[in-house]
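Before any comments, here is the structure.
Chain letters run A, B, ... following the sequence lines, proteins first and then strands; every chain starts at 1. Bear in mind the structure is a predicted one, so any value in this text is a computation, not a measurement. Just so it is clear, the values below take in all heavy atoms, side chains as well, and ignore hydrogens, waters and symmetry mates.
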Number of protein chains: 2
Amino acid sequence: MKGAHVAEQTTGARPTLEAVAALAGVSRATASRVVNGGAGVRAPLVDRVRQAVEELGYVPNLAARTLVTRRNDAVAVVIAEPEFRIFSDPFFQEQVRGISRELTAHDSQLVLLWVEDQGDHDRIARYLGGGHVDGALAFSLHDEDELAAVLRRAKIPTVLGGRPTDGIGPDMPYVDCDNRGGAREAVRLLVDRGCRTVAHLAGPRDQTSAADRADGWRDALGAPDPDLLCQGDFTAESGARAMAELLERRPDVDGVFAANDLMASGALRVLRERGLRVPEDVAVVGFDDVASIAEHTDPPLTTVRQDIEGMGRLMVRLLMRLLNEHGSGAPAPDPLITPTTLVRRASA
Amino acid sequence: MKGAHVAEQTTGARPTLEAVAALAGVSRATASRVVNGGAGVRAPLVDRVRQAVEELGYVPNLAARTLVTRRNDAVAVVIAEPEFRIFSDPFFQEQVRGISRELTAHDSQLVLLWVEDQGDHDRIARYLGGGHVDGALAFSLHDEDELAAVLRRAKIPTVLGGRPTDGIGPDMPYVDCDNRGGAREAVRLLVDRGCRTVAHLAGPRDQTSAADRADGWRDALGAPDPDLLCQGDFTAESGARAMAELLERRPDVDGVFAANDLMASGALRVLRERGLRVPEDVAVVGFDDVASIAEHTDPPLTTVRQDIEGMGRLMVRLLMRLLNEHGSGAPAPDPLITPTTLVRRASA
């Protein structure tokens, strides 16, 4: 056997699967199964094949491996938002960065798709169901999002970013941060610094991250006046509109918790235009800690930090677990919830 | 035959390819070839089959069509830049928007890939060569870019955004704007308004768009002092650095042509910091006319407009032509060059 090894090195030919099987003393089929994951092979045989692979320096043929494993080494990232939102909210960029780095570590190709409008769902369904990717990571889904049904029909392992609503399907694995706990902490900071009228500029009603942050605001205040919640949609413009509406409704407001940093940046602009000082007249706290926003607002933004890039990485790791267990009948993995931290800057 | 037509409508069943073949009086194989493109079938037979398709209201089965045509109805958009550049330069967003809209009109799925670093090329090559997409659109290639070799090896129809260098391969079809002509017009505007020392803040040396714009600056001035060209790389930071360097070298500068709007925005910031008035002390012209930059600089930017979104659409149309002609032996299509227009705002 050592002779075969040396001979192969001498001729410069790459060691074959047959050589691996011969060295391990198993059939070619068994060697193949081990090389491609080892399912259904007894442990001692697995060990012998692995030793032979190592000794011979065997490298599986990638194309053949794809045929056997049906793996594409590609993962779709599907963002349930139109392109203008993806490019204007740095949250998406940070999430994609984390996903991209972790997929690279797994030598898997990231292919990015997004949903410009409802008409795109059929085409996305055909692509996802067409066997071009091993799995999908989807984020920013809204309640009753058709994308959830599309992902289900495609029958590919999927991990969501953000807790799904009941309308999306509570059984899907996901990664999220402690939105409600982080929001409570933000509001408590405002109360502790002496704010008496703490309002909330809320994110879209149909996303759990926004609903959970509003719940955290309610938790911290007991039963706040519903007039103190003004609705937005996570964009800077909606933050500005909600702030203007709030100042009309409740000119006595002295503390604002915005559902994300973009909305907080819009609110700060309106406060400045009205000649109100931050934090002296109105203290403001955001959510996300997106560096390109929070460090550059005037004044710099106190905010609840979630590790957006890290959550992207966790989504990939959870998906890789799903891919390895695919078809094994293993139960869906528990969601991963990451902690948040309050980052104090000048705005509160 | 009319009877069969009516019977099928009555039963509500979708007309079959067999029914089409029977009505046209040809074999099923011939009918199939016509439905899937018509190659190798005599013209009179093609006409008969098409008439039958129309009469019966036959709709080909998509999955079966994919099997026969090997079309995925998906196109890869590959940007030869890292993620931070893609998200920070609105040029990419506008190009992707045009591509996305035109691909949607062709019911083809856009899958976005990018090159974070050189290590990504092998993985991208495997994906592109794996039969997951019908073709590729690639842009922002640099000279001798390995991505060009990757695209060639993948053997899929490809259209480039921007004229390729010789190192990339001059035979690849591409869409571009008249970079050199647009640059000449920008510099002439500065000369016409009385600027005596017109400098150029140049883009990256290894991209034809930057080289062509520098050539346009040279064309308009005759043989300008090489000291008047300061090197940048299309980012705002590089525009600021180049402007600072220029002011050290040639404090008499009174006109600046920047290679793109981002670089112009960096230059405006430096001029403002130094207390120089724009356009009174130094007039500035950019290139691109990206709305989110040029309309919001202080002062608003005079710039050379290229129709970035339109160029994205043209790339898709050229690719669709290639896909339809694929394997037909047709010569590579000529490049498409779009005109530029000067947009006058306050900066010059």
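- Across B:His132 and A:Asn72, no two heavy atoms sit closer than the pair CE1-OD1, 3.1 Å.
- Side chains of B:Gln109 and A:Leu113 form a contact here, defined as non-hydrogen atoms less than 4.5 Å apart.
- Proximity to chain A among residues 89-104 of chain B is limited to B:Gln93, B:Val96, B:Arg97, B:Ser100, B:Thr104, judged by heavy-atom separations below 4.5 angstrom.
- Counting heavy-atom pairs under 4.5 Å between each of B:Val77, B:Asp122, B:Asp107 and chain A puts B:Asp107 at the top.
- A:Ile86 and B:Phe87 get closest at one heavy-atom pair: O-CE2, 3.7 Å.
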